[in-house]
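Below, read A as the first sequence line, B as the second, and so on, with proteins coming before strands; counting in each chain starts at 1. Since the model is a prediction, treat every value here as computed from it, not as a measurement.
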Amino acid sequence: MDMSSHAGTPPASPSYLCGLNESQADAVRTTEGPLLVLAGAGTGKTRVLTTRMAHILASGLAQPWQVLAVTFTNKAAREMRERVAALLDRSVESWWVGTFHATGARMLRGHAELLGLKPAFGILDTDDQLRVIKQLAEARRIDTRKLPPRLFASVIQRWKDRGLTPERVTPAEGADAVDGLALPLYGDYQDRLRALDACDFGDLLLHALALFRDHPEVAERYRQQFHYILVDEYQDTNVAQYLWLRTLAQGHHNVCCVGDDDQSIYSWRGAEIGNILRFERDFPGARIIRLECNYRSTSHILAAASELIAHNRGRLGKTLWTTAAGGDKVAVRATWDGEDEARVVGSEIEALQVQGHPLRQMAVLVRAGFQTREFEERLITIGIPYRVIGGARFYERQEIRDAVAYFRIVVRPDDDLAFERIVNTPKRGLGLASLRSIHQLARGANLPLSAAAARLVASDELKTQARTALARLLADIARWRDMLARTAHPAVARAILDESGYTGMWQADRSPEAAGRLENLKELVVALAEFESLPGFLEHVSLVMDNDEAAGDEKVALMTLHAAKGLEFDTVFLPGWEEGIFPNQRALDEGGTAALEEERRLAYVGLTRARRRAIVSYAASRMVFGTWQNTLPSRFVKELPAANVEQSAPTGLFAARPFRGASDGFARDGFQPDASASSAEPVRLAAEAGGRWPQRRPAPPTIDGRAERTTTRPQPAHPFTVGQRVFHQKFGYGQVRTVDGDRLEIDFEKAGAKTVIHSFVAAA
DNA sequence: TCCCTCCTTGTTTTT
DNA sequence: CAAGGAGGGA
């Protein structure tokens with residue numbers, strides 16, 4: 001960089017400040033002392049963060065290793081590195097830019113011995129955690145049917161989120177949690193993790209805190225090292241992360257936190273909105289800079305979102321504004337039921353596509369994962385490509401975990417969890433009985449499972465069949481380990497998967513998912529090749545392997561509102577705005593007002609994802625867990641300002657008029673007959689209406705028109721004929737019943753009769 | 001040891 | 001309704 005300067009006196013306006021607005025530039029330039037940047041949705045938060053970092057480095061205030069920047073996701077960390085690197089035009093090796101967890105792990109690896117760990121300690125994922133907890137719970141004779149491991153896992157996780165080791169949980173709280181069983185189990189769990197030489201995700205921070213507390217000289221060293229600290233998404237930090245940051249920022253207090261209290265949507269996993277609300281008290285002399293100029297959404301969308309979020313009490317408050325006047329109002333659509341809603345959304349997507357809007361600029365954002373299903377089915381039917389974002393992440397899938405467990409046991413012979421996972425996968429006749437013997441010996445002789453297994457093979461403890469199978473597995477593992485020393489690791493990986501019979505297991509599997517799983521295994525081997533060694537790969541896999549569902553190609557995105565945070569689209573569909581679904585009933589029951597406010601923030605996040613169009617919808621009745629329920633429009637619908645909203649409903653369904661400000665019972669407001677009825681009988685009207693919405697609805701015009709159009713479309717060339725056996729990614733195997741242009745009616749073996757577009761099926 | 005059937009239980013999710 | 005877990009029977 002050509003802007004030379006003395007530390008502390010950067011040039012008045014270096015080039016990278018160009019194009020920043022007043023407050024953005026202020027946030028970049030205010031390098032000394034605690035700073036909270038309250039960045040509303042779409043106000044250029046990432047740009048400020050990256051420019052600020054570039055500024056600190058370019059003006060010589062600090063060297064790269066003296067700046068600590070933490071994020072929550074690998075994606076955010078990667079983006080930060082790339083953007084700063086681009087601004088500075090230099091490489092980013094050895095920078096301290098990473099997630100809280102990755103940074104914690106890095107610190108722990110450097111001082112593992114102080115904590116009784118080895119530097120190469122393992123990192124457990126959620127699945128491993130649950131297995132361990134289940135074993136320990138059973139050892140304590142806890143009925144894991146009535147008290148499932150997940151319950152204990154979440155209690156323990158919450159304690160870790162708050163920076164509490166077992167000794168620091170107060171007896172009163174311990175006695176309260178899960179009949180007093182959780183606290184002793186927490187102790188067992190931590191002991192077991194040590195024995196396994198492993199950490200779970202929470203430990204990466206918890207142990208770092210212990211390290212700072214018990215070894216002040218280490219904390220001091222880091223404090224000396226990091227002259228500047230930057231934190232992204234501060235509203236999502238938990239207590240442990242807060243304590244960690246405070247420790248590191250002690251002394252210079254050059255800590256810059258960027259966040260938005262209105263987008264705090266993770267309290268249920270320990271995020272403490274109080275951290276951001278308390279910032280000024282926690283860091284005396286702190287400055288707060290608000291970024292309020294929104295560069296994303298049109299004025300109607302912004303006004304609607306702002307008005308909605310203004311219903312929350314616990315917030316710092318911001319006034320977002322935009323210069324982009326005009327645009328469409330927020331659309332609110334009443335529909336008959338879930339199917340109708342999916343149809344309405346589908347037609348709207350089609351219409352936009354016809355007008356030339358790219359599919360990749362459209363998203364359907366739902367409250368809960370299962371809600372994507374109806375939209376998927378509709379989009380498949382009308383032949384619109386889509387992508388479901390979120391779901392099971394790549395490395396969380398069963399086949400990937402199994403494969404990784406094989407790699408782990410080959411690399412680390414004493415990895416008990418990995419051994420347990422693969423010992424009878426694929427089935428090789430090693431059941432509970434054999435496993436119990438192995439465990440017994442391992443515990444008695446204090447051996448890792450694989451060593452215990454080896455001893456057992458040399459004895460007559462096991463039945464011949466089990467002994468042969470186990471001997472073979474151990475020999476295989478030894479051979480693969482040997483092979484690793486001489487052969488390229490992707491080849492070894494392939495050999496492991498083939499020779500263990502794991503690939504064969506899926507090849508023999510006739511279920512619809514098997515093909516996808518084999519694909520994933522191939523992908524895994526490809527990913528593997530990008531690392532220099534198998535251990536190198538394993539180091540990364542637990543912490544930094546996200547599934548890049550690259551938003552490149554032409555597909556509509558389907559995801560939860562949570563998954564949508566940080567993203568933006570031209571058009572955003574927000575279906576399912578009904579009481580009970582959104583706001584979610586269970587959240588309300590458990591969390592009261594605080595939970596309602598979080599649900600409202602979620603609605604705010606949803607609306608502010610939209611650049612040009614936001615389409616909210618709700619259904620009058622919906623199938624919930626197998627039964628039909630009449631539903632009421634979400635209170636959030638009513639909280640949208642009438643001036644920025646345009647609503648519509650199909651004829652026959654009462655138009656929603658949730659905007660008249662009467663506060664007693666949005667039910668009446670929501671579903672009042674359009675012009676005829678007075679507001680005299682709210683309760684009865686709602687009840688009556690509830691009973692009156694017919695399950696059979698008028699034939700939707702769009703469908704008929706569409707069906708006619710398709711028959712007149714030129715017959716596309718495709719190879720499918722009646723009676724043919726075909727395979728569908730989602731529905732599995734089936735037989736073609738009728739062919740109508742590009743539409744095939746297929747009897748699926750598992751999914752029943754469906755009409756699908758030919759391009760979604762393959763000959764079986 | 002494995003497979004099938006019955007029963008329960010249904011948010012949000014990164015690392 | 002649908003999936004996943006547990007327990008019983010072969």
Expressed in angstrom and rounded to an integer, what is the separation of [X] atom [atom1] from [N] atom [atom2]?
X        : N      : atom1 : atom2 : result
A:Glu374 : C:dC1  : CD    : C1'   : 12 Å
A:Ile265 : B:dT13 : CD1   : P     : 9 Å
A:Leu205 : B:dT14 : CG    : C1'   : 12 Å
A:Met505 : B:dC2  : CE    : P     : 12 Å
A:Leu124 : B:dT14 : CG    : C1'   : 16 Å
A:Ile581 : B:dT12 : CD1   : P     : 12 Å
A:Asp143 : C:dG5  : CG    : C1'   : 13 Å
A:Gln157 : B:dT12 : CD    : C1'   : 15 Å

Think [X] has a side-chain N or O under 4.0 angstrom from the OP1 or OP2 of [N]?
X        : N      : answer
A:Asn424 : B:dC2  : yes
A:Ser154 : B:dT13 : no
A:Asn74  : B:dT15 : yes
A:Arg145 : B:dT8  : no

Given [options], identify the nucleotide with an atom nearest to the side chain of [X].
X        : options                : value
A:Thr560 : B:dT15, B:dT11, B:dT13 : B:dT13
A:Tyr266 : B:dT13, C:dC1, B:dT15  : B:dT13
A:Phe201 : B:dT15, C:dA2, B:dT13  : B:dT15
A:Ala433 : B:dT12, B:dT15, B:dT1  : B:dT1
A:Lys134 : B:dT12, C:dC1, C:dA6   : C:dA6
A:Arg586 : B:dT11, B:dT13, B:dT15 : B:dT11

Touch class at under 4.0 angstrom, heavy-atom based, for [X] against every strand present:
X        : answer
A:Glu590 : base
A:Ala368 : sugar-phosphate
A:Thr627 : nothing

Output yes if the stacking criterion (under 5.5 Å between centres, under 30° between planes) is met for A:Phe625 over the base of C:dC1, else no.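 It does not: the two rings, one from A:Phe625 and one from C:dC1, miss the stacking criterion.
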
Quick one: sort the A:Phe100 and A:Phe72 rings into parallel, tilted or perpendicular, breaks at 30° and 60°.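 Judged by the thresholds at 30° and 60°, the geometry between A:Phe100 and A:Phe72 is tilted.
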
Between A:Phe370 and A:Phe625, how do the two ring planes meet: parallel, tilted or perpendicular, split at 30° and 60°?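 Plane angle between 30° and 60°, so tilted.
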
May I ask you to check if A:Arg109 and A:Phe121 form a cation-pi contact, with NZ or CZ under 6.0 angstrom from the six-membered ring centre and within 45° of the axis?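 Here A:Arg109 passes the 6.0 Å and 45° test against A:Phe121.
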
is_close_aromatic(A:Trp268, A:Tyr266), centroid dist under 6.0 Å: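 Yes - the distance between ring centres of A:Trp268 and A:Tyr266 falls below the 6.0 Å cut-off.
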
Verify, without hydrogens or angle tests, whether A:Arg622 (side chain) and A:Trp628 (backbone) share a donor-acceptor contact under 3.5 angstrom.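 Flag not set: sc A:Arg622 to bb A:Trp628 has no pair under 3.5 Å.
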
If you find the nucleotide of DNA chain B closest to A:Arg428 and the one closest to A:Leu561, which residue's nucleotide is nearer the 5' end?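 The residue mapped nearer the 5' terminus is A:Arg428.
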
Starting from the 5' end of DNA chain B, give me the residue, A:Gly202 or A:Glu599, whose nearest nucleotide shows up first.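 Result: A:Glu599.
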
Identify which one of A:Arg517, A:Arg397, A:Arg408, A:Arg421 satisfies the salt bridge (charged side-chain N to carboxylate O under 4.0 Å, His left out) criterion when paired with A:Asp402.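 Only one of A:Arg517, A:Arg397, A:Arg408, A:Arg421 forms a salt bridge (charged side-chain N to carboxylate O under 4.0 Å, His left out) with A:Asp402, namely A:Arg421.
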
Considering only the C1' atoms, how many Å lie between C:dA2 and B:dT13, rounded to the nearest integer?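 C:dA2 and B:dT13 have their C1' atoms separated by 22 Å.
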
At less than 3.5 Å, do the side-chain atoms of A:Arg367 and the base atoms of B:dT12 form a donor-acceptor pair?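 Indeed there is one.
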
